[in-house]
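Every number for a ligand or one of its atoms is a count from 1 in the order of the listing.
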Amino acid sequence: MEGTVTTGPTPVMAAEAEPEAIARGVRCLAGGGLVAFPTETVYGLGADATNGDAVARLYLAKGRPSFNPLIAHVADLAAARALGRFDAEAERLAAAFWPGPLTLVVPRAPTCNVSELATAGLDTIALRVPDHPVARALLVAFGRPVVAPSANRSGHVSPTAAGHVLADLGGRIDLIIDGGSTPIGVESAIVACVGGAPQLLRPGGVAREQIEQALGHELAPKPAPVVSIDEAPLAPGMLLAHYAPRSRLRLGAKRVRPDEALLAFGPALPAGAGAATALLNLSEHGDLIEAAANLFAYLRELDARGPHAIAVMPIPDEGLGAAINDRLRRAAGPRA
Ligand code: TXA
Ligand code: MG
């Protein structure tokens with residue numbers, strides 16, 4: 001069964017209606033809903049970063065063909081430090097540019113409660129403290145991290161006004177908070193601080209020169225294989241780091257062989273399931289939203305048991321199933 005994203009037309013609330021607009025946004029996020037809101041760069045489509053089902057619905061609403069990792073937005077540096085590990089360079093950049101149009105990719109912290117689906121199973125996390133009164137008010141009132149990709153359908157341009165969001169996503173999301181035009185109009189610059197010299201992964205709202213000035217040295221050259229940038233498809237082997245289990249994955253499995261663990265989907269288990277070395281079911285009722293929310297965590301859990309291989313049952317290639325299959329194919333692909 002494929003879940004729908006939302007029902008009926010999407011309400012638009014003027015941010016001047018604060019605090020009602022913010023209170024409604026918070027209720028919506030807390031209930032697992034999708035709320036578009038302005039940041040200083042572009043409008044973001046927000047979901048509770050800690051709620052895997054909400055994150056899955058977000059990918060579905062955007063029509064993303066793959067689970068590109070998302071930026072977790074937080075109210076301040078202290079909240080960011082609970083999610084990621086900041087080395088001296090990351091601290092320097094955060095001090096110089098937050099709140100503002102800079103996203104930092106840092107190693108995931110042990111205390112990080114962001115859904116693995118939002119980080120696409122990576123060991124790193126993209127963090128940003130936006131500088132916009134509406135975004136800040138929403139983050140402070142919600143008190144949890146909010147993942148927010150640009151609030152456009154996949155492949156469309158980023159929205160800089162509430163009307164763009166409505167045209168692209170109306171009827172697919174739960175609320176739009178209209179805070180007028182976004183002042184910067186291009187997405188944040190993304191810098192990775194994951195050991196070694198920081199790297200500029202995406203040019204954006206803060207210029208390279210400003211970043212290098214704050215660091216006191218040059219950014220490392222952009223790595224040849226680039227981590228997923230924008231909506232570009234993630235080709236296997238083209239990533240700095242993408243989730244790759246140690247165990248071999250056998251996709252579309254209609255029976256389970258001895259020595260295999262089983263990643264199941266739906267109520268009808270395949271022959272040999274009873275003898276699987278381990279079994280986790282992405283969704284017993286065959287719900288693709290639930291399956292997406294569980295995908296990376298379950299792959300990790302089965303992989304940790306060190307099976308000879310992980311047999312993965314066929315997943316329907318519709319709705320979020322297309323993105324699930326995309327990530328499974330990458331995880332099953334050749335190793336670097
Ligand atoms: O200005 C912005 O950054 C806007 C506003 C809404 O904050 N958001 C935005 O998000 O542009 P999105 O999802 O459209 O772009 C986020 C980019 C993607 O290209 C994604 O691949 C990259 O960030 N990203 C996220 N996590 C990453 C990670 N752990 N490592 C490398 N890249 C990552
Ligand atoms: Mg985007």
Q) Is the closest basic N to carboxylate O distance between Glu20 and Arg24 below 4.0 Å? A) no
Which of the ligand 1 atoms, numbered from 1, are nearer than 4.0 Å to a heavy atom of [X]:
| X | value |
| --- | --- |
| Arg202 | 2 (C), 3 (O), 9 (C), 11 (O), 15 (O), 16 (C), 17 (C) |
| Asn68 | 20 (C), 21 (O) |
| Gly44 | 6 (C) |
| Ala148 | 6 (C), 8 (N), 10 (O) |
| Ala126 | 25 (C), 26 (N), 27 (C) |
| Leu201 | 31 (C) |
| Ile71 | 3 (O), 8 (N), 9 (C), 10 (O), 16 (C) |

Q. So does Glu91 have more than 12 non-hydrogen atoms from other groups sitting under 6.0 Å from CD?
A. yes
Q) Can you tell me how far NE2 of His132 sits from CD1 of Ile184, rounded to the nearest 0.5 angstrom? A) 10.0 Å
Q) Is the distance from the Mg ion (ligand 2) to the nearest N/O/S atom of Ser150 under 2.8 Å? A) yes
Heavy-atom closest contact ([X] atom, [Y] atom, distance):
| X | Y | answer |
| --- | --- | --- |
| Val35 | Cys28 | CG2-CB, 3.5 Å |
| Asp48 | Leu29 | CB-O, 3.8 Å |
| Leu279 | Asn281 | CD2-N, 4.1 Å |

Q) Any idea which of Ala72, Ala151, Ser150, Pro69 brings a heavy atom closest to atom 14 (O) of ligand 1? A) Ser150
Q. Would Asp303 and Ser247 satisfy side-chain hydrogen bond (donor to acceptor under 3.5 Å, both in side chains), going step by step from the backbone distance to the final call?
A. CA-CA 6 Å; Asp303 197 31; Ser247 311; 2.7 Å; yes
Q) Can you check whether Lys62 has an N/O within less than 3.5 Å of an N/O in ligand 1? A) no
Q. Taking distance alone, with no angle check, do Thr124 and ligand 1 share an N/O pair under 3.5 Å?
A. yes
Q) Are Phe37 and Tyr43 close enough that their ring centers fall under 6.0 Å? A) no
Q) Side chain, backbone, both or neither: which part of Thr119 comes within less than 4.0 Å of ligand 1 when only heavy atoms are counted? A) neither
